[in-house]
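Worksheet: one structure, shown below.
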Amino acid sequence: MRAGCKMRVGIDLGTTYSAVARYDQANSRPVVINNTFGKELTPSVICFLDNGDVLVGEDAKDMQAGGTGAAAAAFKRAMGDQSFTVEAAGAQYSAEDLSAILLKKLISDAEAVSGEKIDSAVITVPAYFNDFQRKATIRAGEACGVKVLKIVNEPTAAAISYGYSGSSEKTILVYDLGGGTFDVTILEARKGGIEVKGTDGNHLLGGKDWDAAVSKFVAEQFLDEFGVDPRDDESAKNELIVASENYKKVLSRSDSVTIQLKHDGNAGKYTLTREAFDAMTEPLLLATREVCAGLISSLGMSWGDIDEVLLVGGSTRMPQVEAFLRELIGARIVSNSDTDLAVVKGAAITAALYAGDSKKVRAFEIKDVTAHSLGALSLRRDGKAYVNEVMIPKNSKIPASVRKPFRLGEGNMTDVVEVYILQGESADPRDCHVLSKVSATGFENDGGGTEIEIEYRYNENGVVDVAAYQGGEPLIIESEPVPEDTGWMGEAPRPAERAVEKSVVICVDMSRSMDKIVDGVRPLDEVKRETAGFVRELAAEGAVFGLVGFGDKVGVIRDMTSDQGSIIGALESLKVNEYGRGTDASPIGTAAAMLSSRSGVRMILILTDGKWGKRDAAVAEARACRSSDIVVIAMGFGNADVSFLKQIATVDEGAIFTTIRGMGEKFSTIATAVKKGSMGLREGGSSDGGKKERIKTR
Ligand code: AMP
């Protein structure tokens with residue numbers, strides 16, 4: 001290996017075959033680097049032998065054919081799928097791990113053959129690869145110790161290798177029909193570069209559907225002749241599918257094929273003409289036309305705007321494809337003789353662009369688009385369902401970014417904004433890929449309807465990134481993997497998520513009597529303990545709290561906050577007599593003022609054990625609360641006066657007399673009522689014959 005020489009390559013990491021190419025500066029063209037078997041294409045197969053050896057490529061394919069060891073093939077289809085693993089020699093391999101093993105082999109072969117060290121690469125992916133799959137591909141490349149310069153879409157790479165040698169300006173339709181997928185990309189090729197206009201596809205349509213048509217023909221003929229359907233036997237069915245692919249390929253070069261099938265003691269022999277094959281598979285071609293037509297019209301173009309069609313993918317070798325397109329478009333059809341190598345050569349040209357390897361390459365510009373819309377989970381306008389709100393639509397040019405305001409509700413004191421990031425076209429989030437749950441923190445929030453901005457981005461690799469800002473300053477962003485169960489996204493949002501705010505001011509009697517031991521406990525200690533539990537329970541629902549102490553005077557100990565730690569800390573440090581030894585002052589007016597700017601459920605919770613001095617003033621303040629929809633709950637114990645509690649409570653059920661030890665149970669009743677947003681405390685209406693109104697939230 002030549003010391004100090006660092007090479008940049010393009011790698012086509014294919015489902016069945018892979019390849020490596022480099023840019024030849026002397027001749028200004030991409031060249032494929034053969035593997036150590038002297039072949040341009042390396043099978044994308046890995047074989048784990050029982051003795052611990054791992055074979056990759058040609059050797060692995062031979063072993064796979066011989067049925068030795070555990071073979072992994074076509075793992076590219078499972079890229080980014082967390083549930084896919086191959087178990088071999090006691091270890092589990094994800095598609096990403098397997099891709100890294102394959103890449104390592106491709107790189108080491110290319111280094112051995114070229115005598116140069118590879119330090120960076122451009123890797124190709126299908127245009128429809130989503131964020132998970134793109135990130136997994138980048139990680140697989142980095143796991144081999146090479147810098148991944150760029151991820152480039154396969155049809156774009158094919159067009160680059162083709163468009164690179166062209167000189168005039170043309171609109172090209174890349175028609176890519178592979179084994180299991182169909183993709184169409186429309187781009188403009190000009191001397192100085194390639195600009196992708198849009199891409200679309202049907203990923204349930206490919207060569208295997210043509211194989212299935214042959215299988216069906218053979219099985220039906222056999223059934224007619226012998227009364228036995230070979231498809232009823234699983235192994236006969238599989239053999240027929242494999243054989244059908246070969247018959248199909250024969251029909252690409254001959255006008256007919258003779259098919260022999262032995263099954264269940266019978267032997268059938270049938271002839272399938274290309275004409276009959278073309279007729280039976282015409283609906284499949286029509287399905288590809290639908291996809292092309294959809295893309296053309298979404299780009300505001302017509303068929304007549306297409307100058308050339310570039311055929312990519314093994315299935316375009318079927319003569320019917322070219323004939324169909326010629327009739328449909330009439331444009332020049334470029335059957336790329338280099339079908340298998342166009343992608344890797346395009347990747348090599350792209351790699352050279354990064355290196356600035358030659359003037360010719362540097363002057364070449366590539367503009368691509370994203371195949372998937374990027375969105376965020378949002379509430380539908382009526383608040384009754386979740387929807388995927390598209391932020392960057394599919395076929396937007398990449399890199400792309402958009403900033404959207406995110407406004408918190410009035411009175412929402414939260415210090416974290418969570419956004420679920422989705423990729424897909426459906427309005428129903430369950431039909432989209434949930435990429436991540438992103439949390440933004442570090443913003444200032446005074447509860448007055450704070451606004452931050454969320455920025456959604458696609459980078460030039462089609463990889464997603466999210467940022468957040470307040471007043472132009474970046475916020476802290478953390479991204480969590482999404483929990484497996486996202487079924488709740490299809491359910492109606494819970495009332496709590498419909499942003500019904502809940503604000504509670506807790507007013508604690510701190511007079512001398514709260515220190516007097518009753519039933520073996522100090523009332524203030526019990527109040528601290530039970531109130532802290534109540535705060536924790538409701539804080540989990542997003543409630544906001546304030547804390548007021550009273551005795552002969554009233555003091556605001558904590559103003560409204562969503563910080564439960566701050567409230568619980570303040571509760572713990574409460575001391576008797578801080579506001580005087582008696583209970584001459586009413587906390588209701590102070591608490592009501594704290595709630596005046598808040599909306600949703602607003603509640604004053606009074607905890608007292610004595611008889612208050614200035615009762616009339618307290619009752620007047622409580623009445624004012626009722627008229628402004630603030631609920632007063634009065635919980636008394638010890639020497640508290642039940643009839644007075646009823647006078648200040650908004651509804652009779654809100655006057656709660658309890659023993660010190662029974663306080664916990666009463667707190668849970670109140671918490672449940674707050675959570676439901678129904679403050680009547682007892683289902684079925686108030687006990688006073690409806691004299692007092694049920695409390696509504698506003
Ligand atoms: P690709 O994913 O591009 O490698 O394409 C694989 C598909 O191309 C498979 O369905 C193959 O059966 C199909 N294919 C390859 N060669 C031919 C051929 N000569 N005629 C018809 N189909 C072919």
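For this chain, numbers begin at 1 and follow the sequence in order. In listed order, ligands and their atoms are each counted from 1. From a predicted model like this one, the values you see are computed outputs, not experimental measurements.
The ligand atoms of ligand 1 that sit less than 4.0 angstrom from a heavy atom of S315 are 7 (C), 8 (O), 10 (O), 13 (C). Of all atoms in ligand 1, numbered sequentially from 1 with element shown, those under 4.0 Å from a heavy atom of G179 are 2 (O), 5 (O), 6 (C), 7 (C), 9 (C), 10 (O). Within ligand 1, the atoms closer than 4.0 Å to a non-hydrogen atom of G207 are 10 (O), numbered from 1 in the order shown. Within the listing of ligand 1, atoms 21 (C) sit less than 4.0 angstrom from a heavy atom of M318.
The backbone N or O of S373 lies less than 3.5 Å from a partner atom in the side chain of E425, making a donor-acceptor pair.
When each of C47, S44, P43 is tested with K61 by the rule side-chain contact (heavy atoms from CB on, under 4.5 Å), just one qualifies, namely P43.
The nearest protein atom to atom 22 (N) of ligand 1, hydrogens excluded, is given as K248 CE, 3.5 Å; this is a heavy-atom distance. The single protein non-hydrogen atom nearest to atom 20 (N) of ligand 1 is S252 OG, 2.7 Å, given as residue, atom name and distance. For atom 3 (O) of ligand 1, the nearest protein heavy atom (residue, atom name, distance) is G314 N, 2.8 Å. Among protein heavy atoms, atom 4 (O) of ligand 1 sits closest to T16 OG1, 3.9 Å. Taking atom 11 (C) of ligand 1 as the reference point, the nearest protein heavy-atom neighbour is E245 OE2, 3.2 Å. For atom 16 (N) of ligand 1, the nearest protein heavy atom (residue, atom name, distance) is R317 NH1, 3.5 Å.
For Y175 and F182, the gap between ring centers is short of 6.0 Å.
Between the side chains of D183 and H203, at least one donor-acceptor pair of N or O atoms lies under 3.5 Å. Side-chain atoms of K39 and Y17 form no donor-acceptor pair, as typed in the model, at a separation below 3.5 Å.
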